[in-house]
Amino acid sequence: MSIVLYNTRTKKKEPFEPLRPGEVSMYVCGVTVYDDCHLGHARSALTFDVIRRYFEFSGYRVQYVRNFTDIDDKILNRAQKEGVPWQEISKRYIQAFYRDMGALGITKPHAEPRATEHIADILRMVQGLVNKGLAYAIDGDVYFSVGKFPTYGQLSGKNLEELQAGARIEIDPRKQDPMDFALWKASKPGEPGWESPWGTGRPGWHIECSAMSVAKLGPTFDIHGGGKDLIFPHHENEIAQSCGYTGKDFARVWVHNGFVTVDKEKMSKSLGNFFTIREILDKSPVSASAFITGECLRYYLLSTHYRSDLNWSEQSLPEAKAALDNLYGLIQRLEESGSQEPMASDEELERALKHFAHKFMESMDDDCNTPKALAAFQEFRGEVNKLLVKGLSGYAKKTAIGNLKKFGEPLGLLQIPSKEWPFIAPSKEKSMLLEGKAGEHTPLIGSRIVSKSSEWIEQQIQLRKEAREKKDFITADNIRKELAENDIILEDRPDGTTRWKR
RNA sequence: GGCGCCGUACCCAAGUGGCUAAGGGAGCAGUCUGCAAAACUGCGAUUCAGCGGUUCGAACCCGCUCGGCGCCUCCA
């Protein structure tokens, strides 16, 4: 079985065949660091994080590169607006990027080049294109001549005549062709710049990705990714520059993720209809009581196929959390002691496990079908719950847990201890109250502050048990109530013992 | 104007030519239970925006219509 990916270039799903056996080289367009990331950025980062993880899970050695564009008009504009050096802007938002991606559990790429670290590579490429006659300089600017690149438009399925007919930009009369785009831009007074054969200037928008990908992965590599809004002109231009310069093939497979939309409209800075990752994680716009974690957001984003658009709605996060509660709840029950002896149901578990593993991999192999992969998890959960009623050996339970975690890994789910999973969502107010008391002795579960220690809870359960044995249900119910007020719920088992969650 | 995508149950969402149209959330009923929760069992699209066509057979292919969106300008 091999992994199949949809290739934008051929408009088809294709079995993935790496350039070098057992290795995958991938370059993904990161962000221009001029503001906080919104959900759309999260989706892109997550899509390629999962693709990368799944390749590794499948035994490939992956070389994953994702850039920062840290010099650009938007950064300069923002710096000017705030009256700070432009480097301060890029530095600030690179940090913000790491903070947000960390919360989402996005693994770090192997290399994260920044445009400003590759000025020499950029200049070499621009010069090379000029030497080959594919680019020309005017007044310190250098433009790529699209007319000299016969296959221009092959990725996006556009042709030059159509593009010109629909051109909405005002045309720079100095350009030989309206579609020609800037490789290098002369610095205006007061703007940052680097010395070049054409005077002081800075890179155009598209060239940095060509220079960095070729520098890090060589002229030809396996996968190039990004949001589908980058297909044209960004990726089209990257192909023209890179192939024009190296004379070799560029990326073999082009992978593009769909948008996050709001009321079916693309989430974007210009429309102003965006939610930043920080906002969603911190302010919890879903509901005041929902305890939102990056993992819920991850589950939510993965519950739609990466190429489809995903319409954001506030109820999605609680739904994702409910689905995760069920999975973590299963793990919690599996962690409880089981029979030392093998049991009849153990064999059935083996079968369920085989089916789960098969469906999971089959789904992921098929163009990273994460919604189907999640369905495999949920089906497995149902099977194991049934077997748990019949009884499973301790060994079988451990096997089940091991596999849930193993297959959760490429999705970045189910990796924290079940004890740290917040089954009960403390209200926003209560969380803040607890944080306010952080200086005092406050129990900590994972990174979460909780109101009561496990010892205290166990003690209360014991008191309740004694009350129940005396049929003093009023006392017993009061204890349950008090625990509930502290976001702890009790589940009585048939054998008289009590399980608790928070 | 050019190119392209989408429309599946109350909500989210797989499926893109043939096994009962996955899965999650919400809901209802039942088992269990002092109560509660969990778990389990059952119920929930004779139907895939609409209309035609191709086919032995279509949610899936083709055409048209309706509705929504995207790219062609910065954008993940």
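Everything numeric in this text was worked out from a predicted model, so none of it was measured. Sequence lines set the chain letters: A, B, ... in the order given, protein chains first and strands last, and positions in each chain run from 1. Scope of the values below: all heavy atoms of this structure, side chains included, with no hydrogens, waters or symmetry mates.
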Taking B/G25 as the reference, what is the distance to B/C64 when you measure between their P atoms (whole Å, please)? 41 Å
For A/Leu230 and for A/Lys471, find the nucleotide of RNA chain B with the closest heavy atom, then tell me which residue's nucleotide is more 5'. A/Lys471
Determine whether more than 12 heavy atoms belonging to other residues, nucleotides or ligands lie under 6.0 Å from atom NZ of A/Lys269. yes
Between A/Asn326 and A/Asn257, the residue closer to the 5' end of RNA chain B by nearest nucleotide is A/Asn326
Tell which nucleotide pairs with B/G18, taking only Watson-Crick or G-U wobble pairs whose two distances are both under 3.5 angstrom. B/C56
Which of parallel (below 30°), tilted (30 to 60°) and perpendicular (above 60°) describes A/Tyr328 and A/Trp421? parallel
Scan A/Lys266 against the nucleic acid and name what it touches under 4.0 Å (heavy atoms): base, sugar-phosphate only, or nothing. base
For B/C48 and B/G7, measure between their C1' atoms and round to the nearest Å. 10 Å
Quick one: the side chain of A/Asp492 and the base of B/C35, do they pair up donor-acceptor inside 3.5 Å? yes
Atom-to-atom span, CD of A/Glu362 to C1' of B/G15 - whole angstrom: 12 Å
Candidates B/G24, B/G70, B/C74 - which lies nearest the side chain of A/Lys74: B/C74
Distance-only donor-acceptor test, A/Glu379 side-chain atoms vs B/G23 base atoms, 3.5 Å: no
Classify the nucleic acid contact of A/Phe259 as base, sugar-phosphate or nothing, counting any heavy atom under 4.0 Å across all strands shown. base
B/G50 versus B/C43 - spacing of their P atoms, nearest Å: 26 Å
Kindly indicate whether a cation-pi arrangement holds for A/Lys228 with A/Phe259, taking the cut-offs as under 6.0 Å to the six-membered ring centre and within 45° of the axis. yes
Under 30°, 30 to 60°, or over 60°: which ring-plane class applies to A/Phe356 and A/Phe407, parallel, tilted or perpendicular? perpendicular
Distance between the P atoms of B/G24 and B/A13, in whole angstroms? 16 Å
Would you classify A/Val28 as touching base, sugar-phosphate or nothing, given that sugar-phosphate means primed atoms plus P, OP1 and OP2, and contacts are heavy atoms under 4.0 Å? nothing
Assign the ring pair A/Tyr98 / A/Phe68 to parallel, tilted or perpendicular, where the plane angle (0 to 90°) is split at 30° and 60°. perpendicular
Sugar-phosphate, base or nothing in reach of A/His305, heavy atoms under 4.0 Å: sugar-phosphate
Which of B/G24, B/A14, B/G34 is nearest the side chain of A/Pro371? It is B/A14
Please tell me which of the listed nucleotides, B/A14, B/C40, B/A38, lies nearest to the side chain of A/Asn369? B/A14
OP1 or OP2 of B/A14 versus the side-chain N and O atoms of A/Ser308: is any pair under 4.0 Å? yes
Starting from C1' on B/A13, measure out to CH2 on A/Trp312 and report it in whole angstrom. 16 Å
Round to the nearest Å and state the distance from A/His206 atom NE2 to B/A76 atom P. 13 Å
Taking only the side-chain heavy atoms of A/Lys11 (C-beta and beyond), determine which of B/C74, B/A38, B/G4 contains the nearest atom. B/G4
A/Arg480, nearest nucleotide to its side chain (from B/C35, B/A14, B/A76): B/C35
Just compare B/A76, B/G70, B/A38 and give me whichever is closest to any side-chain atom of A/Met267. B/A76
Regarding A/Leu388, tell me which of base, sugar-phosphate or nothing describes its non-hydrogen contacts under 4.0 Å with the strands shown. nothing
So A/Thr261, base contact, sugar-phosphate only, or nothing? Heavy-atom distance under 4.0 Å. nothing
Counting any heavy atom closer than 4.0 Å, what does A/Gly225 reach on the DNA or RNA strands: base, sugar-phosphate only, or nothing? nothing
Taking atom types as they are modelled, would you say the side chain of A/Asp477 forms a donor-acceptor pair with the base of B/G34 within the 3.5 Å cutoff? yes
If the plane angle is over 60° it's perpendicular, under 30° parallel, otherwise tilted; pick one for A/Phe377 and A/Phe360. perpendicular
Nearest to the side chain of A/Arg333, which nucleotide is it out of B/A38, B/C74, B/A76? B/A38
Aromatic rings A/Phe250 and A/Phe221: how do their planes relate, parallel, tilted or perpendicular, breaks at 30° and 60°? perpendicular
Pick base, sugar-phosphate or nothing for A/Gly382, based on heavy-atom distances below 4.0 Å to the nucleic acid. sugar-phosphate
How would you label the contact of A/Arg381 with the nucleic acid (heavy atoms, under 4.0 Å): base, sugar-phosphate, or nothing? sugar-phosphate
Provide the Watson-Crick or G-U wobble partner of B/C5, both distances under 3.5 Å; none if there is no partner. B/G68
Tell me whether the side-chain N or O atoms of A/Lys158 pair up with the base of B/C71 as donor and acceptor below 3.5 Å, since no angle test is needed here. yes
Minimum-distance nucleotide (side-chain atoms of A/Ala476 versus B/G34, B/A14, B/G68): B/G34
With respect to the side chain of A/Gln378, which nucleotide from B/C72, B/G23, B/G15 is positioned closest? B/G23
Roughly how many Å is it from OH in A/Tyr6 to P in B/G15, rounded to a whole number? 14 Å
Write down the distance between OH (A/Tyr306) and P (B/C6), rounded to a whole number of angstrom. 14 Å
Among B/A13, B/A39, B/A22, the nucleotide that comes nearest once only the side chain of A/Lys359 is considered: B/A22
Using whole Å, report how far CG of A/Asp495 lies from P of B/C32. 18 Å
Gap in Å between the two C1' atoms, one belonging to B/C32 and one to B/U47, rounded: 36 Å
Are the aromatic ring centres of A/Tyr34 and A/Trp86 under 6.0 angstrom apart? no
Counting the atoms with a prime plus P, OP1 and OP2 as sugar-phosphate, which does A/Phe473 contact under 4.0 Å by heavy atoms, base, sugar-phosphate, or nothing? base
Check the distance between B/C5's C1' and A/Lys264's NZ and give it to me in whole angstrom. 12 Å
A/Gln80 atom CD: more than 12 heavy-atom contacts under 6.0 Å: no
Using a cut-off of 4.0 Å on non-hydrogen atoms, how would the nucleic acid contact of A/Gly40 be classed: base, sugar-phosphate, or nothing? base
Hunt down the Watson-Crick or G-U wobble partner of B/C28, both distances under 3.5 Å, from any strand shown, or write none. B/G42
Specify the separation, in whole Å, of atom CG of A/Leu271 and atom C1' of B/C71. 14 Å
Does B/C51 have a Watson-Crick or wobble mate here (both distances under 3.5 Å), and if so which one? B/G63
